[in-house]
Every structure is written in C-alpha cells, then in structure tokens.
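Throughout, a chain's letter reflects where its sequence line sits, starting with A, and its residues are numbered from 1.
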Number of protein chains: 2
Amino acid sequence: MPSKETSPAFRESPELKLGGDFRMTRQRREVYDVLMAHRDHPTATEVFLRVKDRMPTISLATVYNCLETMAQCGVVRQVNVDREPSRYCGNMMEHGHFYCESCGSVRDVDLRGPRKPDDYLMIPDGSIVEKMEVGARGLCPACAAKRVAK
Amino acid sequence: MPSKETSPAFRESPELKLGGDFRMTRQRREVYDVLMAHRDHPTATEVFLRVKDRMPTISLATVYNCLETMAQCGVVRQVNVDREPSRYCGNMMEHGHFYCESCGSVRDVDLRGPRKPDDYLMIPDGSIVEKMEVGARGLCPACAAKRVAK
DNA sequence: CTAGGTGCAAAAGGTTTGCGGTTAA
DNA sequence: TTAACCGCAAACCTTTTGCACCTAG
C-alpha cells in the first residue's frame with residue numbers, strides 16, 4: 001500500500017491552480033510535485049537536480065522563478081535558516097522548523113499551544129503582523145545520539 | 001544628562017573580554033562600540049561606514065571578521081531576516097525580532113511567557129536545542145499608520 | 001493571438017579567503 | 001617573540017536579470 005507521500009494522487013495534485021495571471025506550466029507542475037513527493041526541505045539546486053531527471057532541459061533559473069512564483073501564490077513556502085541557501089516546502093500548515101547543525105537536515109516542528117504571534121511576542125501596539133517564523137537549531141535525535149556515543 | 005545608550009561608560013564597556021585565544025584589538029573594540037551605541041540593527045556595511053568615521057583605515061572584510069569572531073564569543077548576535085543582509089546586535093538578552101517590510105527597520109521584541117524552546121515548539125525527544133529564534137514581519141506602528149492614512 | 005514563461009549566460013551582491021605585513025599579549 | 005589579526009583584492013556562491021524564443025489560455 002502506497003504511503004500518503006508517494007501515492008500518485010498525492011504527488012500529482014491534479015487540481016492545483018495558481019490564480020491571478022499565473023499559468024500552470026509543465027515546469028511549475030514538476031517543481032511542485034518534487035516538493036510534495038519528499039517532505040524534506042530541498043534547496044533550489046536540489047529541486048533543480050530532482051526535476052532534471054524527468055525534464056532534462058529545465059534550467060536552474062526557471063526553478064528559482066517557479067519557486068518564487070509559487071511562494072507568492074501561497075502554494076509553497078520558503079524556509080530560511082540563517083545565511084544558508086533557502087529551502088522550500090510544500091507544507092502550508094502553520095509550523096516551525098528545526099535545523100540540525102550536524103547533518104544539515106531541516107524538519108517541520110509543530111507549534112505548541114495557541115500559535116498567534118501575540119502569544120509568542122510582545123508585539124508593539126499598532127503593528128500589523130504579516131507572518132511569524134519560529135525556528136530552532138541544534139542536533140536532531142539521531143545526531144545527538146551519535147555525539148553521546150563518541 | 002546623557003542617556004544610558006550614549007554615556008561614555010556604556011559605549012566603551014572597558015571591561016569587555018573575548019576569552020580563548022581571541023585578542024581585543026582596536027578594530028573589534030570600535031565595532032563593538034558601534035553596536036552598543038545605537039541599538040538599531042546595522043548590517044555589516046553599515047557598521048563599516050560608522051566605524052570608518054573614527055578609523056578610516058578599517059576594511060569591510062575586517063568588520064565581517066570582527067563580527068563573526070564576536071558572535072562566536074557570544075558578545076554579539078547575528079540576526080538574519082529572510083534573505084536580506086545579516087544584521088548585528090549587541091543585546092544578548094533573549095528576545096525576538098520584528099522586521100518592518102515598509103521601512104526595513106528591525107526592532108527587538110520581548111518574548112512573552114516562559115521562553116524555553118519546548119514551550120513554543122514540539123521538539124522531538126532526544127534533540128539538543130542550541131538556540132531558538134522567533135521573528136515576525138509586517139508593518140511597524142509608524143508605517144501601519146501611514147498606510148491607513150493613504 | 002499575446003501576455004506570461006522558459007532557457008541561457010552574464011551580472012549582482014553579500015560574504016569569505018589568501019596573502020604579505022602588523023600587533024596584542 | 002609569535003600566533004593572531006589586519007587590509008586589500010580576488011574568489012565564491014546563491015540568486016537575479018536581460019533577452020530571444022516559446023506556449024498556455
């Protein structure tokens with residue numbers, strides 16, 4: 001039985017629409033499918049390499065363009081971890097990220113509790129909050145275990 | 001009466017030590033003083049320009065090196081807002097940041113409540129959290145007011 | 001049909017690095 | 001005295017852009 005992550009229906013999300021003046025192109029579809037196929041958080045270059053397998057003519061610039069457009073449409077999310085290359089994720093549910101300094105993996109982490117910016121931060125009166133990002137870095141369980149073993 | 005932020009004793013922090021094999025040089029002292037003088041969150045280039053007034057021979061690369069070294073020593077903090085140039089801050093108290101998309105200002109925001117990563121995120125068992133960052137972006141009160149007025 | 005998208009190559013722009021000379025401790 | 005640091009310029013690397021051709025709607 002195929003898992004949720006690899007089932008064709010899930011991967012191809014045939015109903016995806018971008019809205020506005022944005023067209024759904026073969027390149028955007030492939031980029032999106034790559035993001036949905038494995039819920040790791042690939043960089044633009046990694047997305048490029050994966051898409052290239054199925055579509056050898058695609059260019060890195062196009063991948064950047066696709067990712068930016070889809071992020072603008074709210075279909076994809078850009079995740080920035082300090083100065084490292086941006087990563088992208090298709091999980092639009094509200095969540096935080098945990099970055100492992102040892103293996104470089106980025107994983108989604110659920111927010112605990114109420115999730116409104118005001119619950120986390122003393123936002124000054126009169127501000128308009130458009131988005132909030134909660135992230136942590138350190139060692140993931142696997143790398144933490146390895147470190148102890150050494 | 002000089003404010004806390006501009007009083008010479010505060011600016012010069014004569015007792016600052018870096019520890020380890022790190023030396024306190026005139027360049028590092030100036031970079032640090034600039035960060036403590038105005039609690040805005042200057043980029044490396046902005047720090048460079050400010051230090052240059054008092055020390056015309058300093059180079060941008062040195063400012064980058066000083067900032068990195070001092071961040072490593074825990075004397076200074078690097079603040080990354082998405083893909084924009086890194087900013088630096090001398091406030092080592094735990095706090096979050098609010099970035100205004102209109103005027104580009106970054107201001108410190110107090111965390112509300114308990115402040116431990118586990119209170120915010122469902123950190124997987126066995127992880128070791130080294131640091132947490134909470135940030136928000138949107139419009140600061142001044143820019144929000146202007147937008148309404150238009 | 002045509003505005004929007006693609007691919008390519010070149011540029012941009014923040015940050016890092018190699019190196020010969022300098023300096024804090 | 002000497003390892004650490006500085007200033008300079010060049011390199012690095014991710015991301016953006018200009019442009020001629022292509023394609024979704």
| field | Rounded distance (Å) that lies between atom C1' of D/dT14 and atom CD of A/Glu46 | value | 13 Å
| message | In whole Å, I'd like the distance from the CZ atom of A/Arg87 to the P atom of D/dT15. | response | 11 Å
| query | Between C/dG5 atom P and A/Leu67 atom CG, what is the distance in whole Å? | reply | 14 Å
| query | Under 4.0 Å between a side-chain N/O of A/Tyr64 and OP1 or OP2 of D/dT16, yes or no? | reply | no
| task | Please figure out whether A/Pro85 or B/Val63 has its closest DNA chain D nucleotide nearer the 5' end. | result | B/Val63
| Taking everything shown except B/Met93 itself, do over 12 heavy atoms lie less than 6.0 Å from its CE? | no
| request: Would you check if A/Arg28 and A/Phe22 make a side-chain contact, meaning some heavy-atom pair closer than 4.5 Å? | output: yes
| message | Using a 6.0 Å cut-off, check whether atom CG of B/Asp125 has over 12 heavy atoms from anything other than its own residue. | response | no
| How many Å lie between CZ on A/Arg26 and P on C/dT6, as a whole number? | 12 Å
| Residue whose closest nucleotide on DNA chain C lies nearer the 5' end, B/Phe22 versus B/Thr45 | B/Thr45
| field | Per B/Ala44 side chain, nearest of listed nucleotides C/dC8, C/dT15, D/dG7 | value | C/dT15
| said: Using a 4.0 Å heavy-atom cut-off, does B/Thr25 contact any base of the nucleic acid, only the sugar-phosphate backbone, or nothing at all? | reply: sugar-phosphate
| query | When you match B/Ala61 and B/Leu18 each to their closest nucleotide on DNA chain D, which lands nearer the 5' end? | reply | B/Leu18
| A/Gln27 vs D/dT23: side-chain N/O to OP1/OP2 distance below 4.0 Å | no
| query | Donor-acceptor pair under 3.5 Å: do we get one between B/Arg23's side chain and the base of C/dA25? | reply | no
| task | Let me know the distance between CD of A/Glu30 and C1' of C/dG7, rounded to the nearest Å. | result | 16 Å
| request: Just compare C/dT15, D/dC6, D/dG7 and give me whichever is closest to any side-chain atom of B/Cys66. | output: D/dC6
| request: Have a look at A/Thr43 and say if it touches a base, only the backbone sugar-phosphate, or nothing, with a 4.0 Å heavy-atom cut-off. | output: nothing
| task | Whole angstrom is fine here: how far is it from CD in A/Glu84 over to C1' in C/dT16? | result | 15 Å
| request: With the side chain counted from C-beta on, respond yes when A/Leu121 and B/Asp110 share a heavy-atom pair under 4.5 Å apart, and no when they do not. | output: no
| Nearest-angstrom distance from the residue atom CG of B/Asn65 to P of C/dG18 | 12 Å
| task | For the residue pair A/Ser127 and B/Phe98, establish whether any side-chain heavy-atom pair is separated by less than 4.5 Å. | result | yes
| message | Considering every strand and a 4.0 Å limit on heavy-atom distances, what is the contact class for B/Thr69: base, sugar-phosphate, or nothing? | response | nothing
| field | A/Thr57, nearest nucleotide to its side chain (from C/dG7, D/dT17, C/dG14) | value | C/dG7
| request: Determine the sole option in B/Arg87, B/Glu133, B/Arg107 for which the side-chain hydrogen bond (donor to acceptor under 3.5 Å, both in side chains) test with B/His97 is passed. | output: B/Glu133
| message | Distance check needed: D/dT17 C1' versus A/Glu68 CD, whole Å only. | response | 12 Å
| message | Starting the side chain at C-beta, find the nucleotide from D/dC6, C/dA9, D/dG25 nearest to A/Met24. | response | D/dG25
| request: Look at B/Arg83 and D/dT15 and indicate whether a side-chain polar atom (N or O) is within less than 4.0 Å of OP1 or OP2. | output: yes
| message | Any base atoms under 4.0 Å from A/Ser86, or only sugar-phosphate, or nothing? Heavy atoms, all strands. | response | sugar-phosphate
| remark: Quick note, A/Ser59 side chain, CB onward, closest among D/dT17, C/dG7, D/dG7 is C/dG7
| query | B/Arg28 side chain: which of D/dT14, D/dC6, D/dG7 is closest? | reply | D/dC6
